[in-house]
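Start at 1 with the first residue, then count along the sequence. The figures here come from the full heavy-atom set of this structure, side chains too, leaving out hydrogens, waters and symmetry mates. Order of appearance sets the numbers: ligands from 1, and atoms from 1 within every ligand.
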Amino acid sequence: MTAAPTPPKPGWTPHAWRARPSAQQPEWPDWGELDAVLAELARLPPLVFAGEARTLTESLALAADGRAFLLQAGDCAESFGAFSANAIRDKLKIILQMSVVLTYGAGVPTIKVGRIAGQFAKPRSSPIETRDGVTLPSFRGDMVNDIAFEAEARRPDPQRLLRGYHQAAATLNLWRAFTKGGFADLSRVHAWNQEFVTASPEGRRYEDLANEIERALRFMSACGIDLDAELQLHQVDAYTSHEALLLGYEEALTRQDSLTGDWYDCSAHLLWIGDRTRQLDGAHVEFLSGVKNPIGVKLGPTSDPDEVAALCERLDPDRRPGRLALITRMGKDLVADRLPPLLTKVSEAGHPVVWACDPMHGNTFSHASGHKTRHFDDVMAELRDFFAACADIGVRPGGMHIELTGEDVTECLGGTEAVLDADLEQRYQTMCDPRLNARQSLDLAFQAAELLRS
Ligand code: PEP
Ligand code: CO
């Protein structure tokens, strides 16, 4: 299936955003150096290929229709320091496990999209941070400055954009190798379960499911089906995404597709606009309105239905299924009130969007220990209310957007083997927001599969 061609947006150029107010951009101390770095990035190869972004759009069109489910997941912020093959592998493992649980449990294909290979820039609630009377620029992600609270570290450094690009390229290289080179083969379904997960209730539940899958594969093989010939069993499509925050970087990686003449932001397959940068006349909306990638928009509790309909019109005037994912992050207490009017308005306007739930960002709070955290029960509560609202209004729940890691961290509270208040200190490793660990992520996948099935 190929989407009908639509003409490129007339008058749009990759730099047109520069005429608009752009929120959340760093105060680069040396704009000349920034320009030189961006010119270099513009000469470097694209990270993804336009055809891949089109294939993802086609898959997302199915999610808009209830025939697939989007699992978008990964770190809040990738970091230069925690960059390792094992971390990439473990992230892929948990995403594969969750996908198997969702697909097996709900009977629909799972579209796998990592918050990975470019998720290096963060919007901040304040441009400055003060500690003990000292005020410095806020940390804006490793692609901008360093998290250490020292003047030199916090100075935005354009060379970090290049380092981010190269780390994204290396990450993507391994990501592709793992997904296409045998690691993601369904016959390895047991091997994705990590040691520290196996003994937990959700780990055992996963083992049972993996046994059933193995039996089903043996059964098909015994029936004479040549499983070796079925490519779908041996490799997966796993896509990349990040928040398109630093528009200079995104512009430098935007290329015209030689096949169609369309512009694609080739820094990732899917780009999203954050809740803080979704201003209708702002630079981020202008920029993403002109690239053909599938795009997401985060919608927090202040989202107004008319404004959201206007955003849909700006970003998806052709009502192209799979083009737009609306990722709602209302918080558990507000979702039942704020979500239904948006679902109704966008449906009435005829936009075939993917409705995805981010049950993380509306449920963050400061713990007494000083750590930012989230409670697993709050995350589940928002997810449940999201599914309920979709059912009430009659739209398909199309996906979920989760901050997680494959590692055994203690950043979010709760779960079946509960992370308790006193545990937070033990392995709190995130650069930014608290992530579910692999056990909590698997638990969430089982519960989401049940919601999806019903
Ligand atoms: C994020 O996804 O890490 C983020 C900052 O989200 P939001 O824009 O929804 O606050
Ligand atoms: Co976050």
>> Within the 3.5 Å criterion, strictly below it, is a donor on H401 or R329 matched to an acceptor on the partner's side chain?
In response: no

Which ligand 1 atoms are under 4.0 Å away from a heavy-atom of [X]?
X	value
C76	3 (O)
E403	1 (C), 2 (O), 3 (O)
R115	1 (C), 2 (O), 3 (O)
G274	8 (O)

> After noting the C-alpha distance and the side-chain angles of H361 and D275, does the key distance pass the side-chain contact (heavy atoms from CB on, under 4.5 Å) rule?
Replying inline: CA-CA 10 Å; H361 286 89; D275 191 45; over 6 Å; no

How far is [atom] from its nearest protein heavy atom, and which residue and atom is that?
atom	value
atom 8 (O) of ligand 1	D275 N, 2.8 Å
atom 3 (O) of ligand 1	K122 NZ, 2.7 Å
atom 4 (C) of ligand 1	H361 NE2, 3.5 Å

> Below 2.8 Å, any N, O or S contact between C76 and the Co ion (ligand 2)?
Replying inline: yes

> For atom 2 (O) of ligand 1, which of R124, K298, Q119 has the closest heavy atom?
Replying inline: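 Considering heavy atoms of R124, K298, Q119, the nearest to atom 2 (O) of ligand 1 sits in K298.
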
> Out of Q72, R276, R329, whose heavy atom sits nearest atom 9 (O) of ligand 1?
Replying inline: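 The residue whose heavy atom sits nearest atom 9 (O) of ligand 1 is R329.
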
Okay, side chain of [X], backbone of [Y]: is any donor-acceptor separation there less than 3.5 Å?
X	Y	answer
R319	A349	yes
R155	D146	no
S22	R18	no
R20	H284	no

>> Between E425 and H367, does the side-chain hydrogen bond (donor to acceptor under 3.5 Å, both in side chains) criterion hold? Intermediate values first, please.
In response: CA-CA 11 Å; E425 298 291 344; H367 188 260; over 6 Å; no

>> Parallel, tilted or perpendicular, judged at 30° and 60°: which one describes the rings of H269 and Y239?
In response: perpendicular

>> Of all the N, O or S atoms in E403, which has the shortest distance to the Co ion (ligand 2)?
In response: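 The closest N, O or S atom of E403 to the Co ion (ligand 2) is OE2.
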
> In degrees, rounded to 10 degrees, what angle do H361 atom NE2 and D433 atom OD2 make at the Co ion (ligand 2)?
Replying inline: 90°

> Taking N or O atoms only and a 3.5 Å limit, does E243 qualify as a polar contact for ligand 1?
Replying inline: no

> Side chain, backbone, both or neither: which part of P123 comes within less than 4.0 Å of ligand 1 when only heavy atoms are counted?
Replying inline: side chain

